[in-house]
Colleague: 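One structure coming up, written as structure tokens, with questions to follow.
Naming: A, B, ... by sequence-line order, numbering from 1 per chain.
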Amino acid sequence: MANPAAAAAPEQSAKAKKYPYYIEKPLEEGRVKQFLDIFAAILRHSNYKPLLDIYSRVVTRCARCAGGCQIYQATGDPEDIPCYRSNLLLGVYRRHFTLGGWLRGRILGDPGLQESTIDEMLDAFYHCTGCRRCNLECPMGLDHGLVMRLARNILSEMGIVPKALLVSVREQLQGKTANTSAIPAPAMMDTCEFLEEELADLTGQKIHFPIDREDVEYVFFPAVSDYLLEPDTLMGNAAVLYAAGDQDNWTIGTKYFDGINYGLFYNDAILGRIVEKEIAEVRRLRGKKILIGECGHASRSAKAFVPTFNGGEAIPVVSIQEYTFNALEQGKITLDPNAVTETVTYHDPCNLARSGWIVEQPRKILKSFVKNFVEMEPHGAENYCCGGGGGTVSLDEVHDYRMKVVGKIKAEQMRATGAEIIVAPCANCKKQLKELVDYYKIPATVVGLHDLILRAIRFPEKNGAATSEETYEAGEIKENSPVSV
Amino acid sequence: MHDMLQFARGPLFRLAFLVMALGLLRLVILALWGIGQMIYRARDHNNPYSKIVKTTLTWLIPIQRLHRIRPWLSYSSFLFHMGLIVTPIFLLDHIHLWRASIGISWPGIPKTAADALTLLVLAAGILLIGIRIFNPYTRRVSGFMDYFLVLLILFIFSTGFIASRPYNPIPYETSMLIHVLSADLILLLAPFTKIAHCVLFPLVRMTSELAWKFPPEAGKDAAIQVHGEVKPI
Ligand code: SF4
Ligand code: SF4
């Protein structure tokens, strides 16, 4: 980790970017054949071929998408235009996997994929955050988020993955602790106990973190890093579940308790294996639903891909924000409208908001107890990424890139609101925004949604949370509408 | 000259039109086949069709989207397309040709309207090319065809325009021949270039959405095909 530049540099083309990644495996020769073999295998088994077919036919190269991408807007470098980036891969597809492209290549003497193209792709695709904002501006409807995933998928099968992502996933899928932060289950339970004591001091209520309880409604998977970094978020989560009467109706499993899924960022096989771990844990505990904590990509990877890997009768997935919103709508929780007097703004995590899935719910929750709520512009489905999307937030070696380039617009947006509190319901966004606030010296604090709820939540006089029976009928959540997330 | 013109707008035109129609039809069938394959391979069939239709329609007539970013590019492109679709189909001279050759016809637009639209296409097209050349980042993503196709269209419209003037500097038949030949060329090119978006457009967003519904075993199967096993991480 010490010298990222040195690790990635030897094979990099002359034009190596300013912000290289640390790659565990040294880059080898013979990558062109490897790349094409893997590309071919993926095209054969996946659904990407029809996608690339139509994309490579209609792409009009109008560069309108440039206006949507925050990377391009910060650098002004034509190579950061989404379409340029995607064309790196579309070009390889055309040249090596279509008859027309092959013929044209033959006639024009285009040799096709080169080692240097692979270097360029490594830079281009791991620098994109996959926020899919550019998709909003493409008249043709190209989704560069998908192209980016495919490119990373190919690269990752060659062993080209930023090391921090790889190491986390290795621990999650093969390690003893089975989570990305390598927290042993006993340590997680200790943390929960400690949080219970904190909650008792704070609220005077006996709020529990139920461990390994069977036959419950909700099995809870937060971004596991919350156990280390975001105790207030977790306490807020538990407090809401308690106040809404689901105290005995949720649980944390000791065999698997991590919501993080970096597979969403770079590899289909890994995405599936992680989703399957969640499913297996819910099955082990005979739970009914997957409850995801405050985390954008954790929520989306479960919401969108549990049905993919679990089939038609998939386990329903609920995000804690949907849960809290429903509890509030049904009058099950009370939030003190005078609790928060500071100016508050809300950052939309791309993975929650781009599809319009979770946009209004958190705002309604916030507006119910925050006096001074302001919006960033643009927001909602058209938000700007925090600048740490696509897994880049976990890569320390590109801290400067996240601050100076991708996060630049976000910093300006945050400052422009004048908000004292910035709410970001996502472990990744929170980390990135906190760093941005530091870096740009913005006078604001970044917190999770439930951190703030914890400040505002009020409990009935007697220690009378509703019983489980009552909640079963009242607590139904609509989760089976068609998803596009 | 007369014979050549007859040939260009008779058999050659018919051939070009046939190539275009069959070529585009092939692309649509391939795209639909692809979509069918995607649905068949996916395990999750809960697709957001209404959202797909809605966004596709929004972009079919993207009036509310144009001013948001790159307004010059967006407006000129929009007007360019409008003129490009309306003029050739509703020009009275073209309708006469259709009636003469296959006996069907439809109401046309007045000549002055057609002239105005032609000038609009020319102006918008020149602006589009200008943006491509002078805007450094659009230039970076552009390839030969991106210029060539617009130039070809401008050429077709301007020769058509000149040919139909009473004070034509070039002999009528010559300008008409150039007009028809270049029009034939663009029809021939349509299925093999990005012009294909004229028929594929409605299917792109559908394909994008469906592509997110992965076949469950795809990642694993691809890894096994390459490495012979699912390798440890
Ligand atoms: S907006 Fe779409 S068609 Fe235009 S350059 Fe970008 S990706 Fe290509
Ligand atoms: S997905 Fe986001 S970061 Fe990537 S090219 Fe599109 S707008 Fe830029």
Colleague: What I want to check is whether the side chains of A:R354 and A:N383 have a donor and an acceptor closer together than 3.5 Å.
Modeller: yes

Colleague: Quick one: side-chain hydrogen bond (donor to acceptor under 3.5 Å, both in side chains) partners of A:K33, sequence neighbours excluded?
Modeller: A:D37

Colleague: Who among A:C138, A:G145, A:G76, A:A66 has the most heavy-atom pairs with chain B under 4.5 Å?
Modeller: A:C138

Colleague: Would you check if the distance from the ring center of B:F13 to the ring center of B:W98 is below 6.0 Å?
Modeller: yes

Colleague: Tell me, side chain or backbone of B:L32 under 4.5 Å from chain A's heavy atoms, or both, or neither?
Modeller: neither

Colleague: Is it the backbone or the side chain of B:H227 that comes under 4.5 Å from a heavy atom of chain A, or both, or neither?
Modeller: side chain

Colleague: Do A:Q73 and A:Y384 have a side chain donor and acceptor closer than 3.5 Å?
Modeller: yes

Colleague: Answer with side chain, backbone, both or neither: which region of B:L73 has an atom nearer than 4.5 Å to a non-hydrogen atom of chain A?
Modeller: side chain

Colleague: So, using ring-ring contact (aromatic ring centres under 6.0 Å, His included) as the criterion, who are the partners of B:H81 when residues are at least two apart?
Modeller: B:H197

Colleague: Flag the pair A:H297 / A:Y262 as yes when their ring centroid distance falls below 6.0 Å, and as no otherwise.
Modeller: yes

Colleague: Pairing donors with acceptors under 3.5 angstrom, does anything connect the side chains of B:S208 and A:Y55?
Modeller: yes

Colleague: Any side-chain donor paired with an acceptor under 3.5 Å for A:Q70 and A:R133?
Modeller: no

Colleague: Below 4.5 Å from any heavy atom of chain A, which atoms of B:T193 appear? Answer side chain, backbone, both or neither.
Modeller: backbone

Colleague: When heavy-atom pairs shorter than 4.5 Å are enumerated against chain B, which of A:L43, A:N135, A:L146 gives the highest number?
Modeller: A:L146

Colleague: Measure A:V167 against the heavy atoms of chain B and call it side chain, backbone, both or neither at under 4.5 Å.
Modeller: neither

Colleague: Flag the one option from A:P50, A:P78, A:C83, A:P139 with the top tally of heavy-atom pairs under 4.5 Å to chain B.
Modeller: A:P139

Colleague: On the 0 to 90° scale, with breaks at 30° and 60°, tag the A:F97-A:Y93 ring pair as parallel, tilted or perpendicular.
Modeller: parallel

Colleague: Relative to chain B, which segment of A:I42 carries a heavy atom at a distance below 4.5 Å: side chain, backbone, both, or neither?
Modeller: both

Colleague: Using a 4.5 angstrom heavy-atom cutoff, name the option from A:G141, A:G159, A:S156, A:S56 with the most pairs to chain B.
Modeller: A:G141

Colleague: Please determine, by modelled atom types, if B:T58 and B:R65 share a side-chain donor-acceptor pair under 3.5 angstrom.
Modeller: no

Colleague: Could you look at A:L271 and say if it's the side chain, the backbone, both or neither that has a heavy atom under 4.5 Å from chain B?
Modeller: side chain

Colleague: Restricting to side-chain hydrogen bond (donor to acceptor under 3.5 Å, both in side chains), what partner residues turn up for B:T138, sequence neighbours left out?
Modeller: B:R70

Colleague: Using non-hydrogen atoms and a 4.5 Å limit, figure out which bit of B:A211 sits close to chain A: side chain, backbone, both or neither.
Modeller: both

Colleague: Does the side chain of B:W212 pick up a donor-acceptor pair with the side chain of A:D143 at under 3.5 Å?
Modeller: yes

Colleague: Look at B:E209 together with B:K51 and state whether they make a salt bridge at an N to O cut-off of under 4.0 Å.
Modeller: yes

Colleague: Among B:P136, B:S74, B:S142, B:A31, who wins on heavy-atom pairs under 4.5 Å with chain A?
Modeller: B:S74

Colleague: So what's closer than 4.5 Å to chain A heavy atoms on B:L203: side chain, backbone, both or neither?
Modeller: both

Colleague: Centroid-to-centroid, B:Y137 to A:Y72, below 6.0 Å?
Modeller: yes

Colleague: For B:R132, is it the side chain, the backbone, both or neither that has a heavy atom under 4.5 Å from a heavy atom of chain A?
Modeller: side chain

Colleague: A:E276 versus chain B, heavy atoms under 4.5 Å apart: side chain, backbone, both or neither?
Modeller: side chain

Colleague: Among the options B:G34, B:A218, B:A42, pick out the one with the most heavy-atom pairs lying under 4.5 Å from chain A.
Modeller: B:A218

Colleague: At a 4.5 Å cut-off on heavy atoms, which part of B:L30 comes close to chain A: side chain, backbone, both, or neither?
Modeller: side chain

Colleague: Among A:V306, A:L136, A:V59, A:N153, single out the residue with the greatest number of heavy-atom pairs under 4.5 Å to chain B.
Modeller: A:L136

Colleague: For chain B, find which of A:L142, A:L166, A:L51, A:V169 contributes the most heavy-atom pairs closer than 4.5 angstrom.
Modeller: A:L51

Colleague: Strictly less than 4.5 Å between heavy atoms, which residues of residues 170-177 of chain A line up against chain B? Please order them by number.
Modeller: A:R170, A:L173, A:Q174

Colleague: Between B:D221 and chain A, which part of the residue has a heavy atom less than 4.5 Å away: side chain, backbone, both or neither?
Modeller: both

Colleague: So what's closer than 4.5 Å to chain A heavy atoms on B:Q37: side chain, backbone, both or neither?
Modeller: both

Colleague: Could you check whether A:E382 pairs with B:R68 (Lys NZ or Arg NE/NH1/NH2 to Asp/Glu carboxylate O, under 4.0 Å)?
Modeller: yes

Colleague: Taking the six-membered ring of A:F265 (Phe, Tyr or Trp), confirm whether the NZ or CZ of A:R149 is under 6.0 Å from its centre and within 45° of its axis.
Modeller: no

Colleague: Classify the side-chain pair A:D53/A:Y48 by whether it contains a donor and acceptor separated by less than 3.5 Å.
Modeller: no

